[in-house]
Amino acid sequence: MTSAVIESALAEVIDQSPKPSILPRGSEDAPKATVVQHMFEYAWDVSNSDLELYNTIKDAFIYGTGISQEYYFRDPRLIQMADGTTKKTYCYDDVYLESVKLEEFFIDENARDFTGPYAARDCIRRFIIDIDDYKTFFQGSTWDSLGNAKYVTPGGDTSYPEWYKPPEGIDKARQVEVLWYWAVKPKDWLIIVANGVVQVMGPKPYNHKELPFARTVDVKRTHKFYGKGESEILESVQNELDTMRRMVIDRNHLDIDKMFFVSSRLNLSDEDTIARPHGTIPVDDINGAKAVEYGDIPRSVQLSIQNLQDDATIATGINPRAQALPTAGTATEAAILKESTLKRIRLKVKLLEQEFLTRVGRLRLSNMLQYYPQTKIKKIVGEAGTEEYLSTKSSTPELFALPGEKKQEEYMSIPINGKSLEFDAEGKLTETPSEDLTFLELKPEYYEPSNSQGFDIKFIAGSTLPVSKPLMQSKATEMYDRLIQLASSGVGYDPVKLGDMLLKVNDFNPNDYHLESPQTPGNAAPEQRGEMLIQ
């Protein structure tokens, strides 16, 4: 029951698909806000943030609290080339939202939130990684500013905090414990410690200077950092329901494998009375052994189980069975019924938007404005070309030319579907519809805010998933019935277009049902037949 409630609530929250709305703080940044909107949607898709959002919300429903970290992530990897050399590349290089395991996150014990007078002053995130992955990620990177990563050896405290025994076969002798300490008060700090070796000690690298974490809760407990999940709410009800169901199962087992009233004069063992196919019990008197008959399960037991399930619905406001079964009636009636059963879930979505997604959006927006202006080297071949580029770097786009090769800097580009964005010399944005996929080069002047306050971000919930085909057909039929009367009277609507809409939603071709014109294609003029074929 608890799993059904959690999955039903999770499905409804994910179905809402909250989307960001980027708002400018000044009228001069309105065109740039449009570009930032596309940047945010692109980054959300590239980082697969919908999946991490799902993981965080599921943590909140199960444990009461979900934690995510929003940061800029470069995932290094060593690859072997055909000539035997090793090259370092990056599997991922962009902003990233990651669901954090609660057992690996430690917050300021006096914190109530990440914002406000009782905001968290500091926090720690714990990682357990393989020594080879540690060296690839840390050595020679910005996360080794003190140059101590080469002194880190495997070992240390690499235990797992789960209540269950971890899987066998994990080589703990190759693992490293890495602690990331983030602080905003009393001083701006980032300290990275790997098996007791300090390798970073300085200010946080992000311009927003906030703790790069966000929190969402299922049932909010005021003045508390951690919330209460559906599992905790349903714990007592689930225990009682489990007890009742086990008792019913035990009762059914006893009814199948009955006990016996046996005469004291019979010399029978326990094995003699065990139920088995074609088994017999030898007795001198046929009336000397009788099975114990229990009768049917009382109606009160079924009512008790039903009442416990009703208690769960009252406690959570979620009836998973009602949300899973089809509902009779019109599309409007179905929508109204669903709306009435989602009041509690809509409250959770509202809290998710205001407390979690808005903070994540602002952290991500700041990281994009910080890291996206960085240019990348185009057409660099080999280490020699890279060194020559770095030695001759200038402000001009085309830096130098080699025989047959040109090296230049370029900004990242993002795909835009359904429209084309262009800026003129005065910075005015023009949007034109486009059937093809277009790309926009993210030059800093296109999105960096002119206003010192930057942009604001809000999330707007609303199901972006299409409704089922039968529900859409029912909805279209209702609309047709109400508008066809006005259309037949010549008031504002076209009856032919209404009919086309109804045929299309029912998977029919409207052209097959239109009245034929007096002049059919067979006796039309050649140029007219050509026009009809084009149409």
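Atom CE of M1 is separated from atom CD1 of I6 by 10.0 Å, given to the nearest 0.5 angstrom. Once rounded to the nearest 0.5 Å, the distance linking CG of N48 with OH of Y54 reads 13.0 Å. With rounding to the nearest 0.5 Å, the separation of CD1 in I62 from OG in S231 is 6.0 Å. Here NZ of K209 is found 7.0 Å from CG of N207. Values are rounded to the nearest 0.5 Å. Rounded to the nearest 0.5 angstrom, D122 CG and L190 CG are separated by 12.5 Å. Rounded to the nearest 0.5 angstrom, I22 CD1 and D456 CG are separated by 8.5 Å.
Within the 4.5 Å cutoff, the side chain of Q139 has no heavy atoms near those of the S141 side chain. Side-chain atoms of L23 and I457, non-hydrogen and from C-beta on, never get closer than 4.5 Å to each other. When side chains are defined from C-beta on, I416 does not count as touching F439, because their heavy atoms never get closer than 4.5 Å. Side-chain contact between Y181 and F106 is absent, with no heavy atoms from C-beta onward closer than 4.5 Å. Between T438 and L421, every side-chain heavy-atom pair lies at or beyond the 4.5 Å cut-off. The shortest distance between side-chain heavy atoms of Y42 and V46 falls below 4.5 Å. Contact annotation: the side chain of V36 approaches that of L365 to within less than 4.5 Å [non-hydrogen atoms, C-beta and beyond]. By the 4.5 Å heavy-atom criterion applied to side chains, L53 and L357 are counted as neighbours.
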TODO: Please report the C-alpha distance between S68 and S99 in whole Å, then the side-chain angles of each, then the deciding distance to 0.1 Å, and finally whether the side-chain hydrogen bond (donor to acceptor under 3.5 Å, both in side chains) criterion is met.
DONE: CA-CA 4 Å; S68 286; S99 178; 4.8 Å; no
TODO: Begin with the C-alpha distance, continue with both residues' side-chain angles, and end with the deciding distance and a verdict on side-chain contact (heavy atoms from CB on, under 4.5 Å) for E70 and V95.
DONE: CA-CA 7 Å; E70 173 62 38; V95 291; 3.8 Å; yes
Task: Criterion side-chain contact (heavy atoms from CB on, under 4.5 Å) on I57 and L10, from CA distance to verdict - done: CA-CA 7 Å; I57 298 174; L10 188 61; 3.5 Å; yes
- [ ] Evaluate the criterion side-chain contact (heavy atoms from CB on, under 4.5 Å) for residue pair L442 and S413; output intermediate values, then yes/no.
- [x] CA-CA 6 Å; L442 295 180; S413 299; over 6 Å; no
Open item on the list: What verdict does the salt bridge (Lys or Arg N to Asp or Glu O under 4.0 Å) test give for K220 and E355, after you've listed the backbone C-alpha separation in whole Å, the side-chain angles of each residue and the deciding distance to 0.1 Å?
Closed with: CA-CA 11 Å; K220 190 175 181 65; E355 190 173 39; 3.0 Å; yes
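Of the possible donor and acceptor atoms, none in the side chain of D113 sits under 3.5 Å from a partner among the backbone N and O of A119. Judged purely by atom type and a 3.5 angstrom limit, N509 uses its side chain to pair as donor or acceptor with the backbone of N511. The backbone N or O of P205 sits less than 3.5 Å from a side-chain atom of Q370, completing a donor-acceptor pair. S49 contributes no side-chain N or O that, together with a main-chain N or O of D45, makes up a donor-acceptor pair within less than 3.5 Å. Of the possible donor and acceptor atoms, one in the side chain of R215 sits under 3.5 Å from a partner among the backbone N and O of F225. Between the side chain of R482 and the backbone N or O of T477, no donor-acceptor pair lies under 3.5 Å. Using modelled atom types, one side-chain atom of T56 and one backbone atom of E52 make a donor-acceptor pair closer than 3.5 Å. A donor-acceptor pair is defined here as one N or O able to donate and one able to accept, closer than 3.5 Å; such a pair exists between the side chain of Q80 and the backbone of G84.
The heavy-atom pair separating P510 from D500 by the smallest distance is CB-OD1, 3.2 Å. Taking all atoms of both residues into account, the shortest heavy-atom contact from V496 to D494 is N-OD1, 2.9 Å. Between K58 and E7, the shortest heavy-atom distance links the atoms NZ-OE2, 3.1 Å. Nearest heavy atom pair, residue I67 against residue T65, reads CD1-CG2, 4.1 Å. M368 approaches A43 most closely through the heavy-atom pair SD-CB, 3.9 Å. Closest heavy-atom contact between P203 and D188: CB-OD2, 3.4 Å.
Ring planes of Y92 and Y96: perpendicular class, angle over 60° (limits at 30 and 60°). Ring geometry for Y206 versus W182: interplanar angle under 30°, hence parallel rather than tilted (30 to 60°). Using a 30° and 60° split on the angle between ring planes, W180 and F138 fall in the tilted class, from 30° to 60°.
Heavy atoms from other residues, nucleotides or ligands lying under 6.0 Å from OH of Y63 number 12 at most. Heavy atoms of other residues, nucleotides or ligands lying less than 6.0 angstrom from NZ of K88 number more than 12. Heavy atoms from other residues, nucleotides or ligands lying under 6.0 Å from OH of Y493 number 12 at most. Other residues, nucleotides and ligands contribute at most 12 non-hydrogen atoms within 6.0 Å of the NZ atom of K443. Annotation for R221: atom CZ counts as buried by contact number, over 12 foreign heavy atoms lying within 6.0 Å.
Taking the charged nitrogens against the carboxylate oxygens, E353 and K348 have no contact shorter than 4.0 Å, which rules out a salt bridge. A salt bridge links E98 to R125: at least one charged side-chain nitrogen sits closer than 4.0 Å to a carboxylate oxygen. Using a 4.0 Å cut-off between charged nitrogen and carboxylate oxygen, K32 and E445 do not count as a salt-bridge pair. In this structure, E210 does not pair ionically with K204, as no charged nitrogen and carboxylate oxygen lie closer than 4.0 Å. Remark: R74 does not engage D94 in a salt bridge, criterion side-chain N to carboxylate O under 4.0 Å.
Taking the six-membered ring for Trp, F73 and Y90 have ring centres at least 6.0 Å apart. The ring of F127 has its center no closer than 6.0 angstrom to the ring center of Y134.
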